[in-house]
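These notes concern the structure reproduced below.
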Amino acid sequence: MLPFIPEAMKEKVYEGEITLMDALELAELSPLILFNFADELRSSTVGDVVTYVVNRNIYITNMCRGNCGFCAYRSEKGFMLDMDQILEKVSEASKAGAVEVCIQGGFLPQLDIDYYTSVVENIKVEFPKMSIHGFSPMEIFYACGNSDVSLEEAFERLKAAGLDTLTGTSAEILSDRVRRIICPGKLSTEQWVHTIMTAHQAGLKTNSTIMYGHVETLTERLNHLFILRSIQQRTGGFTELVPLPFMPYNNPIGENMLSQGKFMTTGIEDLRFYALARIILNGHIDNIQASWVKLGKKLSQVALHCGANDLGGTLMEDKISTASGSTNGEYVAPAEIEWIIRSSGRIPKQRNALYEGI
Ligand SMILES: C[S@@+](CC[C@H](N)C(=O)[O-])C[C@H]1O[C@@H](n2cnc3c(N)ncnc32)[C@H](O)[C@@H]1O
Ligand SMILES: Nc1c(NC[C@H](O)[C@H](O)[C@H](O)CO)[nH]c(=O)[nH]c1=O
Ligand SMILES: N[C@@H](Cc1ccc(O)cc1)C(=O)O
Ligand code: SF4
């Protein structure tokens with residue numbers, strides 16, 4: 001075990017060139033050494049500004065043909081918003097000062113590319129300034145099959161319709177061993193990589209996510225970050241990384257863990273992962289988001305000292321984390337987010353999904 005970080009390793013990190021083996025060695029460091037180094041990298045990369053977005057989640061449907069064992073959100077007899085209901089939610093978001101709507105859902109045979117483009121077009125007609133961050137690689141990949149449309153064409157059409165950014169969800173852990181266990185009906189690793197790269201090549205930026213803390217090994221968890229890093233080297237299309245600790249309640253994967261006496265990741269494990277993500281992605285992905293809905297307000301605040309530089313969105317509505325056991329609420333007002341940031345000695349700044357200032 002390393003008692004400190006050797007200078008040669010630090011240099012490799014600054015060059016953005018550490019390997020998975022290096023990362024596995026760093027993972028054994030004591031937490032305070034890791035946090036300090038990640039904080040130093042955060043400071044030299046993005047300084048003391050901490051960003052957040054005033055946004056609203058909109059869930060189109062919770063019905064889904066997927067069978068992800070970690071999902072507590074999907075429901076057989078669920079809801080499906082019609083276009084007027086979607087527009088009503090966008091209108092509420094707009095009145096509450098949101099600059100972005102984050103649209104999420106499930107995948108279904110009737111949701112084809114025409115459907116997704118029409119959602120975007122209808123929103124943009126009434127709310128031309130509202131930024132639309134939405135849909136997952138899984139949903140678009142599936143919709144292409146429903147529509148006999150290529151991925152290239154789908155992303156071009158979505159972009160032309162006014163989609164600003166695509167979400168980087170459905171990544172989970174990019175390992176086929178893990179995916180066979182937790183989401184056998186989802187895109188394979190290769191399909192996810194191909195889909196996200198096709199979006200980037202069509203000029204659509206995305207964020208990136210990792211849902212960790214279930215059946216994956218440390219190597220699989222860290223290798224996911226190296227896959228993201230290599231995509232970023234080729235496309236430059238990722239805006240941020242959002243680490244998502246797995247929430248184990250009301251879903252089969254979690255229930256299996258709970259029955260074996262395994263609970264969710266500890267706070268210190270979350271912080272170590274944030275620090276490692278900052279270190280591994282240094283020079284490649286500059287923004288690391290502390291998701292308050294997953295971590296809670298207090299741990300998100302601590303994460304700002306362990307490599308994170310963003311607090312995500314105000315959200316206004318959350319169905320996915322709540323369904324799987326989060327008790328962190330669904331909304332944090334901009335004034336409170338700003339207070340959290342200022343009282344951490346940082347400078348708050350509103351952004352959009354492209355990390356442009358508002
Ligand atoms: C519920 S899905 C919605 C989008 C789409 N249906 C999909 O799966 O791509 C969005 C993301 O939420 C995250 N998620 C779902 N259940 C979760 C849980 N129990 N704990 C943590 N994150 C979860 C997963 O990373 C998933 O990709
Ligand atoms: N929408 C959710 C977020 N966060 C905000 C995004 O990740 C993103 O930065 C923003 O929408 C793009 O500008 N985080 C969660 O954990 N859960 C969400 O539902
Ligand atoms: N879809 C969100 C991120 C997200 C959504 C739901 C989650 O449970 C977790 C994360 C985004 O891309 O910005
Ligand atoms: S995570 Fe997404 S794809 Fe999987 S079952 Fe839930 S809604 Fe469907």
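First listed ligand is number 1; within each ligand, the first listed atom is number 1.
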Numbered in order shown, the ligand 2 atoms found under 4.0 Å of a heavy atom of N55 are 11 (O)

Exercise. Please say whether I320 places an N or O atom under 3.5 Å from an N or O atom belonging to ligand 1.
Key: no

So for R65, does at least one of its heavy atoms come nearer than 4.0 angstrom to any atom of ligand 4? no

| Is Q233 close to H284 at the side-chain level, that is, under 4.5 Å between some pair of heavy atoms? | yes

Closer than 3.5 angstrom, by distance alone: can the side chain of S170 be matched with the main-chain N or O of S136 as a donor-acceptor pair?
no

Ligand 1 atoms nearer than 4.0 angstrom to some heavy atom of G105 are 3 (C), 4 (C), 5 (C), 6 (N)

Please tell me whether H200 and F238 form a close aromatic pair, meaning their ring centres lie under 6.0 Å apart.
yes

- Query: Out of curiosity, is P245 lining ligand 1, as in a heavy atom under 4.0 Å away?
  - Reply: yes

Under 4.0 Å between heavy atoms, the region of T239 that gets near ligand 2 turns out to be neither

Short version for L315: what comes under 4.0 Å of ligand 2, heavy atoms counted, is side chain

Value for NZ (K186) from CD (Q191), rounded to nearest 0.5 Å, stands at 12.5 Å

**Message:** Using ring pair (Phe, Tyr, Trp, His ring centres under 6.0 Å), reason through F273 and Y212 one step at a time and then give a plain yes or no.
**Reply:** CA-CA 9 Å; F273 184 68; Y212 66 95; 4.6 Å; yes

Does any N/O atom on D318 come nearer than 3.5 Å to any N/O atom on ligand 2?
-> no

Honestly, for S291 the part within reach of ligand 2 (heavy atoms, under 4.0 Å) is side chain

So, are R278 and D286 salt-bridged, with charged N and O less than 4.0 Å apart? no

Honestly, for T165 the part within reach of ligand 2 (heavy atoms, under 4.0 Å) is neither

Return yes if some donor-acceptor pair links the side-chain N/O of D39 with the main-chain N/O of G307 below 3.5 Å, else return no.
no

- Task: Run the contact test for T209 against ligand 1 with a 4.0 Å cut-off on heavy atoms, strictly below, and give the result.
- Result: no

With nothing but distance in play, are any N or O atoms of F246 less than 3.5 Å from an N or O of ligand 1?
no

The number of protein N, O or S atoms lying under 2.8 Å from atom 6 (Fe) of ligand 4 is 1

of all protein heavy atoms, closest to atom 2 (Fe) of ligand 4 is K186 NZ, 4.0 Å

Next on the checklist: What I want to know is whether Q289 and ligand 2 share at least one N or O pair that is separated by under 3.5 angstrom.
Outcome noted: yes

Within-cut-off N or O pair, S136 and ligand 1, under 3.5 Å:
yes

Of E240, M211, H133, K205, the one whose closest heavy atom lies nearest atom 9 (O) of ligand 2 is E240

inquiry  = Does R65 have more than 12 heavy atoms from other residues, nucleotides or ligands lying within 6.0 Å of its CZ?
reply    = no

Would G66 count as a contact residue for ligand 1, given that I'm defining contact as a non-hydrogen atom of the residue lying under 4.0 Å from a ligand atom?
no

So, does K186 sit close enough to ligand 1 that a heavy atom of it is under 4.0 Å from the ligand?
yes

Within the 4.0 Å heavy-atom cut-off, what L244 brings close to ligand 2 is side chain

Are L87 and F127 side-chain neighbours, meaning at least one heavy-atom pair lies under 4.5 Å?
yes

Exercise. May I ask you to check whether N352 has an N/O atom sitting below 3.5 Å from an N/O atom of ligand 2?
Key: no

*asked:* Under 6.0 Å from the ring centre and within 45 degrees of the ring axis: does the NZ or CZ of R229 meet both conditions for the six-membered ring of F226?
replied: no

Quick look: S324 vs ligand 1, heavy-atom contacts under 4.0 Å, and the answer is side chain

When you measure from the side chain of T235 to the backbone N and O of G237, does any donor-acceptor pair fall under 3.5 Å? yes

Note: M138, heavy atoms under 4.0 Å from ligand 1, region reported as side chain

